[in-house]
*Asks:* 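Provided herewith is a single structure, encoded as structure tokens, for subsequent inquiry.
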Amino acid sequence: MSSLSLYDTLTRTTTPFSPVIAGKASIYVCGATVQAAPHIGHVRSGVNFDILRRWLIKSGYDVTFIRNVTDIDDKILHKAIHEEMPWWALAMKYERAFSAAYTALNVAPPTYEPRATGHITQMIELMQLLIEKGAAYAPGNGDVYLDVRKLSSYLTLSRQKLDDLQPAADADEVNKKDPRDFALWKAAKEGDPSWPTPWGPGRPGWHLECSAMAHAYLGETFDIHGGGLDLVFPHHENEIAQSESAGYGFAKRWMHNAWVTQSGEKMSKSLGNTLQVAEILKRVRGIELRWYLGSAHYRSMLEYSEAALDESATAFRRIEAFLHRSVEIIGTLPTPFISSGFADAMNDDLAVPTALASISESLRTGNTAITDGNKALIVQSANEIRGALEVLGCDPFDATFAQSGGEDLTGALDGVIQLALTQRAAARERKDFAASDQIRDGLSALGITIEDTAQGPRWSISRSEGE
RNA sequence: GGUCGGGUGGCCGAGAGGCGAGGCUCAGGACUGCAAAUCCUGCUACACGGGUUCAAAUCCCGUCCCGACCUCCA
């Protein structure tokens with residue numbers, strides 16, 4: 001079997017994955033700033049890195065996966081005033097909305113999910129270290145800044161030159177040594193929450209938390225740091241600046257997922273073109289949305305449209321239908337198996353679209369095997385497909401997606417439908433097709449689809465638009 | 001101004017010097033009493049202009065267009 005290679009934003013190349021500690025993989029992914037309900041761009045990131053995590057686990061790695069929650073920042077404070085609730089209540093409200101979205105999409109909970117406000121101590125320790133090393137300074141106004149000119153590796157991730165950067169419009173020329181120095185810590189303002197520090201009360205700057213928490217949970221050096229493409233600058237550059245100035249090895253590899261776009265433009269709150277997960281889930285099921293978001297390569301823009309989403313859901317339902325049919329024929333759930341075609345694709349920087357082609361092959365083989373009554377081949381195809389879907393987080397037999405509480409009802413319903421089907425079979429037997437079609441149409445009107453297969457008629461509950 | 005991605009068939013979406021990715025839609029066929037499902041066949045594309053090469057969607061030069069980042073962003 002091939003071995004895993006992954007793209008690295010820092011070197012812009014795809015290289016073999018070799019972890020810091022053999023057999024283990026440590027990952028830190030920047031999670032959400034919980035200041036609004038999640039849109040599908042947010043969860044795309046969640047899905048992409050969940051697929052990475054699942055593939056690493058399937059490949060035998062012991063994975064530690066950290067995804068943080070930024071629960072204190074300017075936007076949260078502003079939003080809290082607007083929504084007339086305490087900032088911490090607002091943060092919790094949206095943190096729960098994100099958790100619900102992740103759950104609906106079968107994004108596994110991180111090994112640890114640290115909140116920024118829970119790690120103020122680690123942030124203060126990191127700032128002290130940075131000041132001791134001469135990398136940061138506290139000008140006395142309560143702020144703490146990082147001295148970016150001291151660090152030669154600054155901006156290597158985004159490949160920019162310090163002097164080419166446009167200085168921030170609101171740069172503090174009085175206290176900062178250089179307008180491009182960024183705040184590790186912000187002095188308390190009237191009415192804002194604050195925590196005591198040796199430099200006065202204040203609250204963390206955005207970047208500090210990730211350096212502090214990555215260090216707290218993963219140590220000085222870890223394997224992969226991930227996040228959305230828009231975090232490359234400034235967030236990840238600043239994380240590198242903080243962590244390397246502290247003497248940490250920090251992330252060995254950087255991975256960034258691309259956008260979900262609409263009309264070619266990035267989905268973002270400021271553009272007002274966001275599609276909330278909760279809204280999309282009224283149109284398709286969570287497993288279908290996940291299939292859609294996961295089906296494009298993680299480094300490619302995904303141009304959202306309802307048509308594309310529907311198309312994707314249609315394709316997924318075909319695969320799902322085959323698995324259900326195979327279970328009806330074989331009598332047991334498929335045993336997940338990873339085909340070499342699927343593995344080769346995934347090992348090539350998670351080439352999911354190519355991996356999907358291998359699923360299509362198995363699907364065709366499997367459907368043909370059903371027609372031919374070749375049980376061994378049905379089993380093999382179903383096993384391969386389930387193995388692939390499991391890695392993609394779209395296994396219809398996964399407990400997350402299983403229909404709950406329907407067992408008894410389905411059994412009863414099956415009895416009733418079988419009665420009707422017996423009548424229909426009798427009508428067909430005597431060539432009374434008007435009567436048999438009446439039964440089929442009647443069931444169809446109730447949302448029950450009848451298909452006459454080689455193994456006899458089968459029924460399923462049909463899904464209609466907007467269900 | 002600086003940095004970085006893109007432009008592929010009706011649509012979505014891979015690939016990155018030679019071997020028609022795949023899916024969806026549509027059309028035709030097989031199967032079926034008819035459907036549905038399934039399978040088969042068809043629709044053969046790489047923004048434009050040059051160049052390199054035996055061979056270019058892929059490499060080089062130029063042009064056009066779209067998008068992202070440059071201190072809120074997944």
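Naming convention: chains lettered A, B, ... in sequence-line order (proteins, then strands); numbering from 1 in each chain. The figures that follow rest on heavy atoms only: side chains count, while hydrogens, waters and symmetry mates do not.
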*Asks:* Heavy-atom contacts under 4.0 Å between residues 420-436 of chain A and RNA chain B, which residues?
*Replies:* Arg424(A), Arg428(A), Phe433(A), Ser436(A)
*Asks:* Sequence neighbours left out, what pairs pass salt bridge (Lys or Arg N to Asp or Glu O under 4.0 Å) with at least one residue falling in residues 367-382 of chain A?
*Replies:* none
*Asks:* State whether Ser358(A) places a side-chain N or O below 4.0 Å from either non-bridging phosphate oxygen (OP1 or OP2) of G22(B).
*Replies:* no
*Asks:* Without decimals, in angstroms, what is the distance between Gln35(A) CD and C72(B) P?
*Replies:* 12 Å
*Asks:* Applying ring pair (Phe, Tyr, Trp, His ring centres under 6.0 Å), can you list everything that pairs with His324(A), at least two apart in sequence or on another chain?
*Replies:* Phe397(A)
*Asks:* Which listed nucleotide (A74(B), A21(B), U71(B)) is nearest to the side chain of Ala357(A)?
*Replies:* A21(B)
*Asks:* Of Tyr298(A) and His207(A), whose nearest nucleotide on RNA chain B comes first from the 5' end?
*Replies:* Tyr298(A)
*Asks:* Sequence neighbours excluded, which residues qualify as side-chain contact (heavy atoms from CB on, under 4.5 Å) partners of Asn257(A)?
*Replies:* Ser45(A), Asn48(A), Phe49(A)
*Asks:* When the aromatic ring centroids of His225(A) and Phe250(A) are compared, is their separation below 6.0 Å?
*Replies:* yes
*Asks:* Restricting to nitrogen or oxygen on both sides, can you table the protein-nucleotides 25-28 of chain B pairs closer than 3.5 Å?
*Replies:*
none

*Asks:* Check side-chain contact (heavy atoms from CB on, under 4.5 Å) between Thr13(A) and all other residues, then give those that pass, not counting sequence neighbours.
*Replies:* Thr11(A), Thr15(A)
*Asks:* Provide a list of protein-nucleic acid N or O atom pairs under 3.5 angstrom, restricted to nucleotides 3-6 of chain B.
*Replies:*
| from | atom 1 | to | atom 2 | distance (Å) |
| --- | --- | --- | --- | --- |
| U3(B) | O2' | Ser158(A) | O | 2.8 |
| C4(B) | O3' | Arg12(A) | NH1 | 3.4 |

*Asks:* For nucleotides 39-41 of chain B, tabulate all protein N/O to nucleotide N/O atom pairs closer than 3.5 Å, reporting atom names and distance.
*Replies:*
| from | atom 1 | to | atom 2 | distance (Å) |
| --- | --- | --- | --- | --- |
| C39(B) | OP1 | Arg318(A) | NH2 | 3.4 |
| C39(B) | OP1 | Asn367(A) | ND2 | 3.2 |
| C39(B) | OP2 | Arg318(A) | NH2 | 2.8 |

*Asks:* Tell me, which of residues 94-108 of chain A have any heavy atom that sits under 4.0 Å from an atom in RNA chain B?
*Replies:* none
*Asks:* Scan for salt bridge (Lys or Arg N to Asp or Glu O under 4.0 Å) pairs involving residues 349-363 of chain A, sequence neighbours excluded, and state none if there are none.
*Replies:* Arg299(A)-Asp349(A)
*Asks:* Tell me, which stems hold RNA chain B, with a stem being 3 or more Watson-Crick or G-U pairs in a row and both distances under 3.5 Å?
*Replies:* B:1-7 with B:64-70, B:10-12 with B:22-24, B:26-30 with B:38-42, B:47-51 with B:59-63
*Asks:* Applying side-chain contact (heavy atoms from CB on, under 4.5 Å), can you list everything that pairs with Glu83(A), at least two apart in sequence or on another chain?
*Replies:* Lys79(A), Met85(A), Leu90(A), Lys93(A), Tyr94(A)
